[in-house]
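Let me begin by presenting the structure, written as structure tokens, before commenting on it.
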Amino acid sequence: MKVNIKNNIKQITKGLNKQQKKQIPFATANAINQTLFQTRKVMMKQTEQKLDRPTPFTVKSYLVSKAKKSQLHGILFIKEAAEKYLKFQIEGGVRSPGKKFGIPTKLAKLNKFGNIPGRKKGLVKKKSQFLQTINGVSGVWERTKDNKLKLIVALKNSATYVPKLPFYDIASNYAASKFNKNFVTQLNRALRSAK
């Protein structure tokens, strides 16, 4: 993710002498890092609010690559494993992995995060369930005690997602609103320690 933050560093540092100006890269790196970690917290909170029961792994999938005095840029990014599915919540679009995947129906028993429990072990969970294509619908079907069939998990080649988590807007707006204040704080701290 790239977020450009407008700043007024030149204006803030106008009256500094040569010795004081040496502290600017240090203060800038610290302000970037402070801003990124604040933004990370906001994104974690927004993920919990905007997505339906996200797992702790998803909520904590935001990471920070820190800025240094010699490298005045930092990055807020998403772990690769989470980015694979979060990108559909952020950007929307059609997911078509090239093979069929299961989408639970309202009849499926889900865990507290809204996911199929034990998914890696397979989609069929009990003896009354089976994989079948019935009337053109592929999926996990269950035969009830009164011999009726109900679809538990539909198997689809693709799924269409509508964006739910405006990651870029939230992150860039929040970071931009915090950076200048953080820079002033970090510059004052650096000037005090330089004395």
Side-chain angles (χ1 to χ4, degrees), residues 1-95 97 111-115 119-120 159-195:
M1 180 200 110
K2 252 189 182 176
V3 174
N4 295 318
I5 305 168
K6 288 184 180 176
N7 63 68
N8 57 356
I9 290 175
K10 282 184 181 175
Q11 199 179 329
I12 296 167
T13 58
K14 223 176 199 178
L16 298 182
N17 63 37
K18 198 176 180 183
Q19 193 64 29
Q20 289 171 324
K21 281 184 177 174
K22 285 182 180 176
Q23 296 300 317
I24 293 172
F26 177 68
T28 305
N30 285 344
I32 290 169
N33 294 334
Q34 184 182 3
T35 305
L36 286 171
F37 281 106
Q38 288 170 332
T39 307
R40 179 179 180 263
K41 267 188 181 176
V42 166
M43 284 313 310
M44 287 167 69
K45 199 172 184 181
Q46 287 292 315
T47 300
E48 285 184 309
Q49 289 172 0
K50 295 203 174 350
L51 300 185
D52 179 25
R53 296 169 287 168
T55 63
F57 176 81
T58 298
V59 173
K60 294 174 184 173
S61 65
Y62 301 97
L63 300 174
V64 170
S65 175
K66 295 202 304 190
K68 300 172 193 168
K69 208 163 70 162
S70 58
Q71 198 177 332
L72 294 177
H73 69 269
I75 305 166
L76 175 67
F77 64 101
I78 301 169
K79 281 181 193 172
E80 194 178 334
E83 193 267 339
K84 285 177 183 174
Y85 58 85
L86 266 181
K87 67 180 178 184
F88 295 105
Q89 301 297 333
I90 294 167
E91 297 167 358
V94 178
R95 178 178 164 213
N111 64 20
K112 63 180 178 178
F113 303 113
N115 298 322
R119 194 176 196 133
K120 286 180 183 175
T160 303
Y161 295 85
V162 174
K164 291 181 182 173
L165 181 65
F167 174 71
Y168 301 105
D169 289 344
I170 295 168
S172 57
N173 290 338
Y174 183 81
S177 75
K178 289 289 176 187
F179 180 77
N180 287 332
K181 187 183 174 188
N182 290 342
F183 177 73
V184 171
T185 303
Q186 294 298 337
L187 181 61
N188 287 332
R189 190 174 291 169
L191 292 175
R192 279 197 305 273
S193 66
K195 286 175 186 175

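Hydrogens, waters and symmetry mates play no part in the numbers below; they use all other heavy atoms, side chains included. Sequential numbering from 1 along the given sequence is applied to the chain's residues.
Distance check: E83 CD to S61 OG gives 9.5 Å after rounding to the nearest 0.5 Å. In this structure, NE2 in H73 is found 4.5 Å from CD in Q71, a value given to the nearest 0.5 Å. Summarising the geometry, atom OG1 belonging to T35 is positioned 15.0 Å from atom CZ belonging to R40; distances are rounded to the nearest 0.5 Å. The CZ atom of F179 sits 10.0 Å away from the CD atom of Q34 when rounded to the nearest 0.5 Å. Here the CD atom belonging to Q46 is positioned 5.0 Å from the CD atom belonging to Q49, to the nearest 0.5 angstrom. Separation of atoms NZ (K84) and CD1 (I78) is listed at 13.5 Å; rounding is to 0.5 Å.
Between A27 and A190 the shortest heavy-atom distance is CB-CB, 4.4 Å. Minimum interatomic distance between L72 and I32 (heavy atoms only, all atoms of both residues): O-CD1, 3.5 Å. Taking both residues in full, the closest heavy atoms of L76 and A171 are given as CD2-CB, 4.4 Å, listed atom of the first, atom of the second, then distance. In this structure, L51 and P54 approach most closely via the heavy-atom pair O-CD, 3.4 Å. Minimum heavy-atom separation, P166 to K50: CD-CD, 3.7 Å.
Contact annotation: the side chain of Q186 never approaches that of F26 to less than 4.5 Å [non-hydrogen atoms, C-beta and beyond]. You'll find the side chain of Q23 stays beyond 4.5 Å of the side chain of L16, heavy atoms only. No side-chain heavy atom of Y161 sits under 4.5 Å from any side-chain heavy atom of Y85. Residues L165 and M43 meet the side-chain proximity criterion, which asks for heavy atoms closer than 4.5 Å. When side chains are defined from C-beta on, E91 counts as touching Y168, because their heavy atoms get closer than 4.5 Å. Side-chain contact between Y62 and T47 is present, with heavy atoms from C-beta onward closer than 4.5 Å. The shortest distance between side-chain heavy atoms of Q38 and N182 falls below 4.5 Å.
Side chain of E48 to main chain of K45: no donor-acceptor pair is present (N/O by atom type, distance under 3.5 Å, no hydrogens or angles).
Counting heavy atoms of neighbouring residues, nucleotides and ligands inside a 6.0 Å radius, atom CD of E80 does not exceed 12 of them.
Every residue two or more places apart in sequence or in another chain that forms a side-chain contact (heavy atoms from CB on, under 4.5 Å) with L63 is listed here: F77, K79.
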